[in-house]
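Nothing fancy with the numbering, it's 1 onward along the sequence. Start at 1 and go down the list; that is how both ligands and their atoms are numbered.
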Amino acid sequence: MKIGIVCYPTFGGSGVVATELGMALAQKGHHVHFITYKQPVRLDFISNDIHFHEVFVEEYPLFHFQPYELALSSKIVEVVQQYNLEILHVHYAIPHAYAAYMAKQMLREKGIDIKVVTTLHGTDITLVGSHPNYKSAVEFSINNSDVVTTVSDSLRKDTLRLFSIRKEIKVIHNFIDFEKYPEISNPECQRHNIANEDERIITHISNMRPVKRVSDVLAIFYKIQQKIPSKLLLIGDGPDREFLEEEVKKLEIKDKVLFLGNSHEVNKLLCYSDLFLLPSDTESFGLAALEAMAARTPVISTNSGGLPEVNVHGVTGFLSNVGDVDDMAKNGIYILEDTDRLQQFKQHALEQAKQFGLQNILPAYKEVYREVIKGCC
Ligand code: GMT
């Protein structure tokens, strides 16, 4: 199949899922064309079947806001025609589903019927998409996609609750490519570079936005390290980082917290990890938690959004109410204080992550593509 993928190329989960999906499809011999404003950060697989088309937005003094949707839809029209694409798979509704709708109409005038598959990822529905500034356009572009998928059942329900949706929504969970998470211990994983022999390693990965409640990460870690010698690795970057650096100084735990910034290789960094913290206000799925579990790391998370579909309470980690840092710290200590118990949670985390292995999820997307090309929807 010839597939165009439209996504954000940055460190967010939606771009990661889109890029991993494109690489997996290309490895199976499909022709994949990424259309976005920068090369996707996770695009590390070179092949004749992977193409990247950069969307440029010209500067012009009259433009207070750059018209990205216009440039994107024009680029989609150009690429679809030049490479005879059959499907356009857009990740994140804003503005991709809207730009895809416009491109579809322009192509229709040229006698081309491009099929649009829209995957909703979370904040495009729950935080941003349902805001009155965007709601009508998001609702319209969801209803006018040929197929709509969400990354969790929770997000499907949120979409139906927040918008008037006339289409069926199919749930296809996020996935992990286990080839990037070797089961046998990573020889490059030198724990002693990070922590002493008697210390546990706790990690958190996010874009450090308010929805992630990274100050709760610090509060939980602060309580845990009072009972269990440990280090905290903070991976990622974002608007709350400066505040966190200040907090770490105030709490006098500077020698126990490492800010590692954005990384292309979270799979390698996670090899050190004994516990993963994700106390978010909401997560449609929590790809970072799944990545941690694939690296044998139990997860302490909130019970909001799609997190209970990923993290199984008492088995792969624990779920707590949003903001209940005491409960999260207590659960973290329970897992970390006993080495046998920790090993059991690690094993269960890995087993649960395997349910979301690429080989289980990729066929669902391929089925959607085949059906939509046949003209089923
Ligand atoms: O978490 C973010 O802020 C990034 C965002 C994105 O779209 O890149 O993540 C969303 O999509 C991920 C991939 O499907 C999900 O795993 C995240 O849970 C979801 N984030 C939220 O719902 C807050």
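Those atoms of ligand 1 that come under 4.0 Å of a heavy atom in Gly122, given as number and element, are 22 (O). Numbered from 1 in the order shown, with element, the atoms of ligand 1 that lie under 4.0 Å from a heavy atom of Glu283 read 17 (C), 18 (O), 19 (C), 20 (N), 21 (C), 22 (O), 23 (C). Residue contact check: Val151 has heavy atoms under 4.0 Å from atoms 14 (O) of ligand 1. Close approach of ligand 1 to Gly286 (heavy-atom distance below 4.0 Å) involves ligand atoms 15 (C), 16 (O), 17 (C), 18 (O). Close contacts of ligand 1 with Leu287, meaning ligand atoms under 4.0 Å from a residue heavy atom, involve 16 (O). Atoms of ligand 1 lying under 4.0 Å from any heavy atom of Asn174, numbered from 1 in the order shown and given with element: 13 (C), 14 (O), 16 (O). Contact atoms of ligand 1 toward Thr282: 23 (C) (distance under 4.0 Å to a heavy atom of the residue).
Closest heavy-atom contact between His348 and Thr316: O-CG2, 3.6 Å. Across all non-hydrogen atoms, the minimal contact from Phe318 to Asn311 is O-ND2, 3.3 Å.
In terms of protein heavy-atom proximity, atom 11 (O) of ligand 1 is nearest to His121 O, 3.2 Å. Considering only non-hydrogen protein atoms, atom 1 (O) of ligand 1 sits nearest to Lys212 NZ, 2.7 Å. Nearest protein neighbour of atom 2 (C) of ligand 1, counting heavy atoms only, is Asn207 ND2, 3.4 Å.
Each of Asp324, Asp326, Asp216 was checked for a salt bridge (charged side-chain N to carboxylate O under 4.0 Å, His left out) with Lys223, and the lone residue meeting it is Asp326.
The backbone N or O of Ile94 lies less than 3.5 Å from no partner atom in the side chain of Asp124, so there is not a single donor-acceptor pair.
For His33 and His31, the ring centers sit 6.0 Å or farther from each other.
Using a 4.0 Å heavy-atom cutoff, His91 is absent from the residues neighbouring ligand 1.
Only the side chain of Tyr92 comes within contact range of ligand 1, with a heavy atom under 4.0 Å; no backbone atom does. Counting heavy atoms closer than 4.0 Å to ligand 1, residue Arg209 contributes nothing at all.
The residues Lys75 and Glu78 are annotated as salt-bridged, a charged nitrogen and a carboxylate oxygen being separated by less than 4.0 angstrom. Between Glu20 and Arg42 there is a salt bridge, since at least one side-chain N of the basic residue sits less than 4.0 Å from a carboxylate O of the acidic one.
Here atom 15 (C) of ligand 1 lies nearest to Ser284 when heavy atoms of Gly13, Ser284, Ser152 are compared.
Between the side chains of Thr119 and His89, at least one donor N or O sits under 3.5 Å from an acceptor N or O. Between the side chains of Thr123 and Tyr92, at least one donor N or O lies within less than 3.5 Å of an accepting N or O.
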